[in-house]
Amino acid sequence: MKIHEYQGKQIFRRYGISVPRGEVCFNADEAEAAARRLIDETKNEVVVVKAQIHAGGRGKGGGVKVVKGAAEARKAAEGLLGKRLVTHQTGPDGQLVRRLYVEQGLDIARELYLGLVVDRERRRIALMASTEGGVEIEKVAEETPEKILMEHVDPVVGLGAYQARKLAFGLEISRGSPAPKETFAEFSRTLSALVSLFEKEDCSLCEINPLVVTKAGKILALDSKINFDENAAGRHPDWAELMDRDEEDPVELEAKEAGLSYVSLDGDIGCLVNGAGLAMATMDIIKHHGGNPANFLDVGGGASKDQVEKAFKMILSSPKVKGIFVNIFGGIMKCDVIAEGVVAATRELGLEVPLVVRLEGTNVEAGKRILSESGLAIQAADGMADGARKIVAAVRA
């Protein structure tokens with residue numbers, strides 16, 4: 001689950017991480033008023049107007065405007081609100097800007113990168129730092145990997161003081177600071193707070209890009225990017241308030257509410273499968289035979305007839321779907337239940353695209369009989385490979 005920059009900074013404040021002053025705004029009037037308040041409080045006319053979307057690269061995409069004065073902040077807000085912002089993470093369609101964050105301008109001396117992720121191979125939190133702040137970390141890793149410093153956090157001991165010192169020295173954190181000891185100490189406190197935040201908030205990603213050192217030697221998080229591990233949602237009922245439903249795929253939200261695992265993709269062959277492993281294998285074999293899956297959809301081991309119908313409707317909600325491949329291996333899931341759901345959904349929706357069904361496992365003969373006696377144009381497949389060949393051929397035709 002992703003949250004906005006301003007929400008991440010609210011969490012940073014709770015953990016004692018310094019962030020610039022700022023206010024979230026939903027229209028140009030609010031942006032102008034927020035800018036005026038910030039100017040009065042900081043005695044600095046420079047403010048930054050930032051688009052709030054769930055994607056990186058906003059600066060390069062034109063979503064971050066540094067302006068002078070409240071009137072200019074209003075103009076920047078009017079230019080951003082309602083605009084589709086296209087970045088390297090949004091795809092060509094971009095994302096609609098519905099809210100802004102107006103923030104005080106800072107006297108910046110240096111920009112750094114700080115990020116925490118889960119290293120699944122090491123089973124520890126990986127803490128990454130780099131002098132290349134403001135640049136995509138993927139680009140740094142590709143072009144200048146030696147500029148990325150990394151420490152792993154022991155789950156029992158936590159972040160060691162020696163690790164914080166190692167990163168501080170590696171980044172030359174106190175270079176040019178008028179108060180080097182204070183800058184060094186503040187950086188160490190920021191690292192410790194971030195590790196604590198990452199653990200307690202059940203994050204899968206926590207990134208500050210850039211982390212800035214001001215000319216006065218202060219350390220501040222100029223940006224925030226926090227992703228939560230949805231597997232821990234039961235421990236965090238407050239996450240529901242942080243979710244921006246406008247930024248989420250509506251079909252994925254519907255699937256989550258129905259208890260289904262669904263991810264939208266860019267292809268044209270809809271997939272309805274039981275089991276995550278089989279779903280991934282189904283996508284692979286469709287690609288192998290020259291097709292492109294339109295989604296990942298795992299109905300699980302105990303889906304009901306109603307859930308199967310909902311799954312079908314979700315697949316067909318995408319206008320790009322030109323065919324559907326149902327691939328079921330019945331263990332706990334019964335093939336006749338799947339068949340009843342497929343037939344009911346096909347009749348209700350008036351299916352107009354090719355449909356190929358492969359059933360195997362519990363009650364398979366009953367399931368095949370339901371499909372064959374339905375009178376519907378459903379192609380049966382003898383196996384997974386046969387089904388993939390048939391649906392790719394049908395879509396091409």
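Nothing fancy with the numbering, it's 1 onward along the sequence. In this text, all values refer to a predicted model and were calculated from it rather than measured experimentally.
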Answer yes if [X] and [Y] sit in the same cluster of Ile, Leu, Val, Met, Phe, Trp and Tyr residues linked by side chain heavy atoms under 4.5 Å apart, and no otherwise.
{"X": "L114", "Y": "L167", "answer": "yes"}
{"X": "M1", "Y": "F198", "answer": "yes"}
{"X": "V86", "Y": "V97", "answer": "no"}
{"X": "V118", "Y": "W239", "answer": "yes"}
{"X": "L211", "Y": "F169", "answer": "yes"}

Pairwise side-chain contact, [X] with [Y], heavy-atom cut-off 4.5 Å (strictly under):
{"X": "Q10", "Y": "V19", "value": "no"}
{"X": "S192", "Y": "F187", "value": "no"}
{"X": "I219", "Y": "I173", "value": "yes"}
{"X": "I208", "Y": "L194", "value": "yes"}

Is the backbone N or O of [Y] less than 3.5 Å from a side-chain atom of [X], with the two atoms forming a donor-acceptor pair by type?
{"X": "N363", "Y": "A366", "value": "no"}
{"X": "E360", "Y": "F329", "value": "no"}
{"X": "K322", "Y": "P354", "value": "no"}
{"X": "Q104", "Y": "R21", "value": "yes"}
{"X": "S177", "Y": "S174", "value": "no"}
{"X": "N327", "Y": "G387", "value": "no"}

Specify the closest pair of heavy atoms between [X] and [Y], including all atoms of both residues, with the distance to one decimal.
{"X": "V47", "Y": "G69", "answer": "CG2-O, 4.4 Å"}
{"X": "S374", "Y": "L371", "answer": "OG-O, 2.6 Å"}
{"X": "I285", "Y": "A385", "answer": "CD1-CA, 3.5 Å"}
{"X": "A311", "Y": "L297", "answer": "CB-CD2, 3.6 Å"}
{"X": "I17", "Y": "A193", "answer": "CG1-CB, 3.7 Å"}

Mind checking the [atom1]-[atom2] spacing from [X] to [Y]? Nearest 0.5 Å is all I need.
{"X": "M128", "Y": "L116", "atom1": "CE", "atom2": "CG", "result": "7.5 Å"}
{"X": "K215", "Y": "D107", "atom1": "NZ", "atom2": "CG", "result": "4.5 Å"}
{"X": "Y6", "Y": "L100", "atom1": "OH", "atom2": "CG", "result": "11.0 Å"}
{"X": "I11", "Y": "I226", "atom1": "CD1", "atom2": "CD1", "result": "4.5 Å"}
{"X": "L272", "Y": "N295", "atom1": "CG", "atom2": "CG", "result": "8.0 Å"}
{"X": "L85", "Y": "K60", "atom1": "CG", "atom2": "NZ", "result": "13.5 Å"}

Next on the checklist: Between D244 and H4, do the side chains contain a donor N or O and an acceptor N or O under 3.5 Å apart?
Outcome noted: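 Yes, a side-chain donor-acceptor pair sits under 3.5 Å.
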Next on the checklist: Looking only at the side chains, is there a donor atom on one of N27 and D29 sitting less than 3.5 Å from an acceptor on the other?
Outcome noted: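 There is no such pair (donor and acceptor under 3.5 Å, judged by atom type) between the side chains of N27 and D29.
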Checklist entry - Between R14 and E201, is a salt bridge (charged side-chain N to carboxylate O under 4.0 Å, His left out) present by the stated rule, with each step listed? => result CA-CA 11 Å; R14 293 209 310 262; E201 300 297 330; 3.5 Å; yes
Checklist entry - Please walk me through it: do V102 and V48 pass side chain to side chain contact (heavy atoms under 4.5 Å, CB included)? => result CA-CA 6 Å; V102 180; V48 186; over 6 Å; no
Item to check | Qualifying residue for side-chain contact (heavy atoms from CB on, under 4.5 Å) with S18, from R189, K218, E186 | outcome: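 The residue from R189, K218, E186 that satisfies side-chain contact (heavy atoms from CB on, under 4.5 Å) with S18 turns out to be E186.
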Item to check | For V67, the option from E45, R74, E72 that meets side-chain contact (heavy atoms from CB on, under 4.5 Å) | outcome: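 Testing V67 for a side-chain contact (heavy atoms from CB on, under 4.5 Å) against E45, R74, E72 leaves exactly one candidate, E72.
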Please determine whether a side-chain nitrogen of the Lys or Arg among [X] and [Y] lies less than 4.0 Å from a carboxylate oxygen of the Asp or Glu.
{"X": "E32", "Y": "R36", "value": "yes"}
{"X": "D386", "Y": "R358", "value": "no"}
{"X": "E172", "Y": "R110", "value": "no"}
{"X": "K225", "Y": "E5", "value": "no"}
{"X": "R37", "Y": "E41", "value": "no"}
{"X": "E151", "Y": "K166", "value": "yes"}
{"X": "R58", "Y": "D223", "value": "yes"}
{"X": "K139", "Y": "E142", "value": "no"}

Checklist entry - If you draw a 6.0 Å radius around CG in D266, do more than 12 non-hydrogen atoms from other residues or ligands fall strictly inside? => result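 No.
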Item to check | Flag if over 12 foreign heavy atoms under 6.0 Å of CD, E143 | outcome: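 Counting neighbours around CD of E143, more than 12 heavy atoms of other residues, nucleotides or ligands fall under 6.0 Å, so yes.
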